[in-house]
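Each remark here refers to the structure printed beneath this line.
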There are 2 protein chains.
Amino acid sequence: MRPSAITTPSAPAHPTRQVIIETARTLLRRFGEEKLTVVDIARALGMSHANVYRFFKTKAEILDAIIEQWLEKVEAFVDGIARRPGSAAQRLEAVVLELHRKRRQKLLEDAEVYATFQRLFELRPDAAARHRQKLLNVFHRLLAEGLASGEFTAVDCREAATVLKDATTAFLHPLMISATGVEETESRARNVVRYIVAGFSSPPPRANRRDSVRHLAGRRTASRPA
Amino acid sequence: MRPSAITTPSAPAHPTRQVIIETARTLLRRFGEEKLTVVDIARALGMSHANVYRFFKTKAEILDAIIEQWLEKVEAFVDGIARRPGSAAQRLEAVVLELHRKRRQKLLEDAEVYATFQRLFELRPDAAARHRQKLLNVFHRLLAEGLASGEFTAVDCREAATVLKDATTAFLHPLMISATGVEETESRARNVVRYIVAGFSSPPPRANRRDSVRHLAGRRTASRPA
DNA sequence: CACCTGACATATTTTGCAACTTGTTATTCA
DNA sequence: TGAATAACAAGTTGCAAAATATGTCAGGTG
């Protein structure tokens, strides 16, 4: 099994590839990942399983492709939110809340499928890492926009994006969604974002937040000042 | 299996009970939880397994007792940090950082045992919940102290404690420790705490943080003002 | 009577073999 | 010659029988 091989976007994507992916995804949703066999995929398509191997080197490559397409959908969803009109703070909050809500919803309405995808991601940790990086980029972009528009002041975008990502992990990470308890998750997520973002925007007296942090005697991580 | 039964502190704790617990813990560390049998525990103690059942109704009760004692140790550790001299902010940061460091260390130096305890907690989710509640209480207490001493202003202790707990989940929750990546975790944890605590202490102009939050048009959760 | 055990009923787990899966290759088909 | 397959080796999984585990109880021992 190749370690990663993040889908080659250079691949011309033979139409049969896409058909195989879709069939595999259907079977995956219906029967779960441990009942998904290459033989079954081939049978559902009326071809020999050997033929599937003309389009995918390994079964893992099929799973990679499914994950890849699913991640692209999620990322489009997040980008859509990030591009809305409104303040950067509003959009940061919306990204976190709506992604959280969507994941919770998925978990509640079809725990089986949710668990399937969760296990799938455990098998391909690099895909998950890449996904988290994308989310980090969205945070970073929104922070940079807020800074550019004057909405935020004295923010180290890179550092702050990491803080946001880490602090919202409880509400966004697939492993946590099922463990975060059922109560009030949306308002708790909102509060986390607001408590953090509040520090970015303190409007008139600009030095306060940094001073109040300073007194903790800090070397912060990547201290390239904004 | 009883749903919870949080150790009865009223129990006189027969000395044999403690011996059984310790033997069980040793076997657990050595062989993992799936190889831990009541028969083995009894054999290691030179008694019949039936005799073990005179002291514990079920095997689950033994596991409960082990978890219980382990949690007490962790809670004492946390309490010790919380009671140190120093500002509330420093102690909040120390609690998060040192608990995080301790967990990571455990994971790194003995992943097997760590995984064992992790699985144990999945079997007893109520114990984990109780533990998280304790940590929440520590946060709450430290915030209240900071408020009382004038170090913090305009903080809703209950709400803020929840925010802190949720935001540090990535660094404290056992399920996350192994997933949070290996890079810079300590400084990232520190930043999360600082970004949040910074909002509590903005010293001279007192209304700022709240105003900057207000403009996001917010109903917060439990809005009992500080 | 307090302390413990052997023997037992009822799960749960291991075991070993048959069936199935993955991935390759030599061959067929049009 | 390109597209597909049947047949196969190597590894993995499912399954029923055998072994072990949990929890109970009537009864033995000092």
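Within every chain, numbering begins at 1; the chains are lettered A, B, ... in the order of the sequence lines, protein sequences first and strands thereafter.
The residue among B:K59 and A:H49 whose nearest nucleotide of DNA chain D lies closer to the 5′ end is A:H49. Residues A:E34 and A:N51 both approach DNA chain D. Their nearest nucleotides, taken by heavy-atom distance, put A:N51 toward the 5′ side.
Atom CZ of B:F55 is separated from atom P of D:dT22 by 18 Å (rounded to the nearest Å). Atom pair A:R43:CZ and C:dT22:P shows a separation of 11 Å (rounding to whole Å applied). Distance A:Y53 OH to D:dA7 C1': 15 Å, rounded to the nearest Å. One can place CZ of A:R54 at 15 Å from P of C:dT24, the figure rounded to the nearest angstrom. In this structure, the CD atom of B:E61 is 14 Å from the C1' atom of D:dT22, given to the nearest Å. If you take NZ of B:K57 and P of D:dT24, they are 9 Å apart, rounded to a whole angstrom. A straight line from CZ of A:F56 to P of C:dT24 spans 15 Å, rounded to a whole angstrom. The distance between atom CG of B:L27 and atom C1' of D:dA21, rounded to the nearest whole Å, is 15 Å.
Taking 4.0 Å as the cut-off between side-chain N and carboxylate O, B:D40 and B:R30 do not count as a salt-bridged pair. Look at A:E145 and A:R91 and you find a salt bridge, because one of the NZ, NE, NH1 or NH2 atoms lies within 4.0 Å of a carboxylate O, short of that distance.
At the heavy-atom level, A:V38 lies under 4.0 Å from the strands shown only through sugar-phosphate atoms.
Minimum atom distance to the side chain of A:S48 is reached by D:dT5, of the listed D:dA4, D:dT5, D:dT22. Side-chain proximity of A:T58 to C:dT5, C:dG23, D:dT22: nearest is C:dG23. Listed nucleotides: D:dA6, C:dT21, D:dT22. Nearest to the side chain of A:A50: D:dA6.
Taking side-chain N and O atoms only, B:K35 has a distance below 4.0 Å to OP1 or OP2 of C:dT14.
Using bins of under 30°, 30° to 60° and over 60° for the plane-to-plane angle, the ring pair A:W70/A:F117 lands in the tilted bin. The aromatic rings of B:H131 and B:F121 sit tilted relative to each other, their planes meeting at an angle between 30° and 60°.
Annotation: cation-pi geometry not satisfied between B:K165 and B:F139 (NZ/CZ under 6.0 angstrom from ring centroid, within 45° of ring axis).
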